[in-house]
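Keep in mind that this is a model prediction, so the values were computed, not measured. We use all heavy atoms of the structure for the numbers below, so side chains are in, but hydrogens, waters and symmetry mates are not.
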Amino acid sequence: MKYYVIEEDEIRDAGQDQFEKKEDTIAVFTTAEWEKQEELRDTYGIWMQDTQVHLCKLENHIGWLHATLRIPQKEENGTNVAFSFYLLPEKLIFVDDGGSVDEQINRIADRKLRAGYTLERFLYDFLVQFLDKDLLLLQNIEKKISKIEEEVLQGRCPDFNMRMLHLKKKISKLYRYYSQLTEVGQELLDNEMDFFSKDDLRMFDRYRDRASRLAAETQILRDYAMQVQDVYQSEIGIRQNEVMRVLTVVTTIFLPLTLIAGWYGMNFTGMPELGWKYGYPVVIAVSIAIVVICLIIFKKKKFW
């Protein structure tokens with residue numbers, strides 16, 4: 001477990017006594033450690049919540065707020081981040097087993113903080129840090145979709161279905177994530193427990209708007225991915241039509257030859273060409289002439 005205190009516009013390490021006695025303090029527990037904090041929970045009237053974090057949400061309770069955050073994997077080799085926190089008057093308690101909370105707190109502590117830094121401002125900065133590079137993430141996804149689109153139009157797109165399925169799954173996860181964050185921001189903005197001042201509410205309004213814009217950008221990517229998939233299906237249809245056109249041309253050219261073969265295959269005794277010594281070469285010449293004439297006609301008609 002770790003404790004921090006915000007004082008003199010700095011975030012400093014603190015002890016348990018300072019956490020309990022001072023204002024604007026932060027505590028970070030693992031799930032196992034939090035389950036043992038019965039006295040602390042009784043002091044602030046907190047009851048145990050489900051320790052499994054499945055989604056991003058915020059709940060209002062009398063005297064405290066409880067939120068869970070589940071951040072999906074954003075890097076190729078990254079992992080999901082999940083934790084929860086309890087917001088009390090002048091105190092913030094995190095429950096985290098992955099170490100991501102301490103990492104984010106240290107990142108904020110290393111910066112120069114503005115004058116009059118408060119716990120509410122810290123909460124805003126903490127939440128916003130998880131969205132810092134997300135616009136760049138969405139731009140990279142858009143570039144990948146654009147590259148796939150170019151390959152489709154050039155007629156070379158190996159493993160299209162698997163690549164597009166991977167991107168669509170990622171986009172879908174991000175869209176749900178940003179939509180849930182928008183709801184969290186709205187709950188903070190509603191301020192049912194009167195935790196926040198007007199200045200604090202303006203900060204959380206910006207947070208909600210940012211999450212909402214990211215959700216809108218993700219929806220645009222979803223539509224773009226669907227359009228590229230439609231283009232891919234259209235290209236498949238065009239190639240199939242090309243194949244059918246070639247087969248139709250070949251069939252049409254050889255149809256007269258089939259007629260000739262069938263005609264002379266009847267073997268009637270009264271057919272004078274059967275006994276004519278030039279009959280075979282003449283039939284070959286007529287067949288070649290028919291093929292050439294058909295090709296010339298098809299060329300002029302732009303059938304091929």
Side-chain angles (χ1 to χ4, degrees), residues 1-7 11-12 14 16 18-31 33-35 37-71 81-98 100-109 113-114 116-131 180-208 210-211:
M1 65 190 72
K2 290 187 177 180
Y3 300 96
Y4 304 88
V5 60
I6 300 173
E7 58 184 4
I11 300 177
R12 302 171 178 172
Q16 184 175 354
Q18 290 175 298
F19 170 77
E20 295 175 355
K21 295 176 181 178
K22 290 189 175 183
E23 298 179 348
D24 290 350
T25 52
I26 305 164
V28 182
F29 299 100
T30 64
T31 300
E33 291 169 344
W34 177 241
E35 289 175 349
Q37 300 297 317
E38 296 182 9
E39 183 177 348
L40 179 62
R41 292 198 301 272
D42 291 342
T43 300
Y44 295 104
I46 300 173
W47 58 82
M48 279 291 298
Q49 303 289 308
D50 183 8
T51 56
Q52 296 294 321
V53 178
H54 304 286
L55 71 164
C56 302
K57 65 176 182 178
L58 186 143
E59 300 172 346
N60 288 279
H61 301 277
I62 299 176
W64 51 281
L65 305 178
H66 176 251
T68 60
L69 289 181
R70 184 176 182 85
I71 295 92
V81 175
F83 59 88
S84 63
F85 67 82
Y86 297 83
L87 179 63
L88 312 166
E90 308 299 339
K91 298 193 182 300
L92 185 58
I93 300 172
F94 289 98
V95 180
D96 173 37
D97 292 324
S100 59
V101 169
D102 281 320
E103 180 182 345
Q104 298 301 323
I105 292 175
N106 291 329
R107 285 179 59 189
I108 296 174
L113 305 181
R114 64 179 60 194
Y117 200 78
T118 63
L119 185 66
E120 291 75 18
R121 177 70 197 193
F122 165 80
L123 179 60
Y124 169 79
D125 289 342
F126 180 85
L127 294 175
V128 165
Q129 279 196 147
F130 289 100
L131 302 178
Q180 292 167 9
L181 287 187
T182 302
E183 292 298 322
V184 170
Q186 184 61 53
E187 288 290 337
L188 290 170
L189 196 59
D190 288 342
N191 196 24
E192 291 184 16
M193 297 295 106
D194 292 326
F195 273 101
F196 310 115
S197 66
K198 290 183 179 180
D199 290 339
D200 298 332
L201 294 178
R202 281 195 290 268
M203 290 190 303
F204 293 125
D205 187 31
R206 291 198 299 271
Y207 174 75
R208 182 200 58 182
R210 187 167 181 176

Nearest heavy atoms of Asp96 and Ala82, plus distance in Å: OD1-O, 3.6 Å
Minimum heavy-atom distance between Thr182 and Ala211, given as atom pair plus value: OG1-C, 3.5 Å
Phe85, Tyr86, Trp34 screened by ring pair (Phe, Tyr, Trp, His ring centres under 6.0 Å) with Phe29, the one that passes: Trp34
Passing candidate, side chain to side chain contact (heavy atoms under 4.5 Å, CB included) with Phe196, options Leu189, Leu87, Asp190: Leu87
Point-to-point distance, once rounded to the nearest 0.5 Å, from CG of Leu201 to OH of Tyr124: 13.0 Å
Shortest non-hydrogen contact from Gly63 toward Pro89: O-CD, 3.4 Å
Pair Leu113-Ile6, side chain to side chain contact (heavy atoms under 4.5 Å, CB included): steps then yes or no: CA-CA 10 Å; Leu113 305 181; Ile6 300 173; 5.5 Å; no
From Arg107 atom CZ to Ile11 atom CD1, the distance as rounded to the nearest 0.5 Å: 12.5 Å
Derivation and outcome, side chain to side chain contact (heavy atoms under 4.5 Å, CB included), residues Tyr117 and Asp24: CA-CA 10 Å; Tyr117 200 78; Asp24 290 350; over 6 Å; no
Check: Ser197 main-chain N/O paired with Asp200 side-chain donor or acceptor under 3.5 Å: yes
From CG (Leu119) to OH (Tyr4), nearest 0.5 Å: 14.0 Å
Under 3.5 Å side-chain donor-acceptor pair for Thr25 and Lys91: yes
Phe126 and Phe83 aromatic ring geometry - parallel, tilted or perpendicular at 30°/60° bounds: perpendicular
Side-chain H-bond candidate by donor/acceptor type, Glu33 with Gln37, under 3.5 Å: no
Geometric class of the Phe94/Phe122 ring pair [parallel <30°, tilted 30-60°, perpendicular >60°]: perpendicular
Nearest heavy-atom neighbours spanning Gly185 and Tyr207: CA-CD2, 4.0 Å
N/O donor-acceptor pair under 3.5 Å between Gln180 side chain and Cys56 backbone: yes
Approximate separation, where rounding is to 0.5 Å, of Arg208 CZ and Gln186 CD: 4.5 Å
Ring geometry between Trp64 and His61 (parallel below 30°, tilted from 30 to 60°, perpendicular above 60°): parallel
Donor-acceptor contact below 3.5 Å, side chain Thr68 vs main chain Leu55: yes
Identified side chain to side chain contact (heavy atoms under 4.5 Å, CB included) partner of Phe195 from the options Asn60, Leu188, Leu65: Leu65
Distance-only donor-acceptor check, side chains Asp125 and Gln129, under 3.5 Å: no
Least distance between heavy atoms, Glu35 atom then Glu38 atom: O-CG, 4.1 Å
Nearest heavy-atom neighbours spanning Val53 and Arg70: O-NH1, 3.2 Å
Ile105, Val101, Asp102 screened by side chain to side chain contact (heavy atoms under 4.5 Å, CB included) with Lys2, the one that passes: Asp102
Residues Glu20, Gln16; criterion side chain to side chain contact (heavy atoms under 4.5 Å, CB included); working and verdict: CA-CA 6 Å; Glu20 295 175 355; Gln16 184 175 354; 3.2 Å; yes
Nearest-0.5 Å distance that lies between atom CD1 in Ile46 and atom CG in Leu40: 6.0 Å
Distance, nearest 0.5 Å, that separates CG of Asp205 from NZ of Lys198: 14.0 Å
